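From a predicted model like this one, the values you see are computed outputs, not experimental measurements.
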Amino acid sequence: MLKNLIASLPDGFKPTVAPALLLAAVCASPLAQAQAQVATGRIGFVYTERLMTDSKMAKAADAKLAAEFSKRQKAMEEMVGKFKGASEKFDAEGSSLAELERTRRARELFNMQKDVERMQREFQEDLQQRKNEERAAIAQKAYKLVEQYAEAEKLDAVLVEAAWVNPRVDITDKILKLLDK
């Protein structure tokens, strides 16, 4: 190809352009090889949030947590209902109560409110801790599956965060299928 290009040049240009074309071809060769090597690198991408929500393992964990915390949630809702009822009763009767009785009931309401807030905070903390434990178990299993899949498919990298991903490199569905086995 280079010989044809040199032969097509007018005779006056051949002595000056031919060495420059040869030098350009020699310099471009390593660059073309480097680009070819980069192009052979393979990557994959996994939407980890989908693994944590769409997998059977995640859905089973959600059901397990719902069953585990349902009694506490119901007890908490009952306590909130009692507090609201007592508060409404106090608001309705407060003006007609004696000062000593009004102070005693206000203190009871204050203590009840603190108990409700403490119970809600403890419930949320315990629930969040258990969710984190369940998600960690899913993540650990998913990580092993991603690693096995990457090795089997000879992927050079698997990413979990990106600004944009071509659907061609998205392996989330394949990992979900492996996770659901």
State plainly whether one hydrophobic cluster holds both Ile43 and Val158, where clusters connect Ile, Leu, Val, Met, Phe, Trp and Tyr through side-chain heavy atoms under 4.5 angstrom apart. no

Under a 4.0 Å N-O cut-off, is there an ion pair linking Arg118 with Glu122? yes

Between Asp156 and Arg42 (side chain of the first, backbone of the second, donor and acceptor by atom type, cut-off under 3.5 Å), is there such a pair? yes

Evaluate Arg50 against Asp173 for salt bridge (Lys or Arg N to Asp or Glu O under 4.0 Å), listing each step before the verdict. CA-CA 9 Å; Arg50 280 193 55 210; Asp173 289 333; 2.6 Å; yes

Full working for salt bridge (Lys or Arg N to Asp or Glu O under 4.0 Å) between Arg130 and Glu134: CA-CA 6 Å; Arg130 287 289 294 125; Glu134 293 294 330; 3.0 Å; yes

Within this structure, what is the OG-CG distance for the pair Ser55 and Leu179, rounded to the nearest 0.5 Å? 4.5 Å

Distance-only criterion, 3.5 Å: show the donor-acceptor pairs between side-chain atoms of residues 92-100 and protein atoms not counting sequence neighbours.
residue : atom : partner : partner atom : Å
Glu93   : OE1  : Arg105  : NH1          : 3.1
Glu93   : OE1  : Arg105  : NH2          : 3.1
Ser96   : OG   : Glu93   : O            : 2.9
Glu99   : OE1  : Arg102  : NH2          : 2.5

Near Glu49 CD, under 6.0 Å, is it more than 12 heavy atoms from other residues, nucleotides or ligands? yes

Is any side-chain heavy atom of Phe45 less than 4.5 Å from a side-chain heavy atom of Ile171? no

Same hydrophobic cluster for Leu65 and Met57, using side-chain heavy-atom links shorter than 4.5 Å among ILVMFWY? no

Is there a side-chain contact between Met119 and Val80 in this structure, where contact means two heavy atoms from C-beta onward sitting under 4.5 Å apart? no

Can you tell if the side chain of Leu51 reaches within under 4.5 Å of the side chain of Val46, non-hydrogen atoms only? yes

CZ of Phe123: more than 12 outside heavy atoms within 6.0 angstrom? yes

As an exercise, state the distance from CD of Gln73 to CD of Gln120, rounded to the nearest 0.5 Å. 10.5 Å

May I have the step-by-step check of salt bridge (Lys or Arg N to Asp or Glu O under 4.0 Å) for Glu117 and Arg121, ending in yes or no? CA-CA 6 Å; Glu117 290 171 355; Arg121 185 180 58 253; 6.0 Å; no

Distance col, row Asp115:CG vs Phe110:CZ, nearest 0.5 angstrom, shows 10.5 Å

In plain terms, say whether Lys82 and Glu77 are close enough for a salt bridge, that is, a side-chain N and a carboxylate O under 4.0 Å apart. no

Does a side-chain heavy-atom distance below 4.5 Å link Phe83 with Met79? no

Contacts of type side chain to side chain contact (heavy atoms under 4.5 Å, CB included), residue Asp62, not counting sequence neighbours: none

For Ala58 and Ile138 the tightest heavy-atom approach is CA-CD1, 3.5 Å

For the backbone of Lys56 and the side chain of Asp180, can you confirm whether one donor and one acceptor N or O come within less than 3.5 Å of each other? yes

Going from CD on Glu101 to CZ on Phe90, what distance comes out if it is rounded to the nearest 0.5 angstrom? 9.5 Å

NZ of Lys177 to OG1 of Thr172, rounded to nearest 0.5 Å, is 12.0 Å

What I'd like to find out is whether the side chain of Tyr149 reaches to under 4.5 Å of the side chain of Leu155, using heavy atoms alone. yes

Take Arg72 and Asp126, measure what side-chain contact (heavy atoms from CB on, under 4.5 Å) needs, and give me the verdict at the end. CA-CA 11 Å; Arg72 281 182 63 185; Asp126 292 347; 2.8 Å; yes

Can you tell me how far the CG atom of Asn132 sits from the CD atom of Gln128, to the nearest 0.5 Å? 5.0 Å

Could you tell me whether the side chain of Val146 reaches within less than 4.5 Å of the side chain of Leu178, counting heavy atoms only? no

Quick one: do Glu108 and Arg104 satisfy salt bridge (Lys or Arg N to Asp or Glu O under 4.0 Å)? Show the steps, please. CA-CA 6 Å; Glu108 286 176 359; Arg104 183 187 66 75; 2.3 Å; yes

Donor-acceptor contact present, side-chain Thr48 to main-chain Val160, <3.5 Å: no

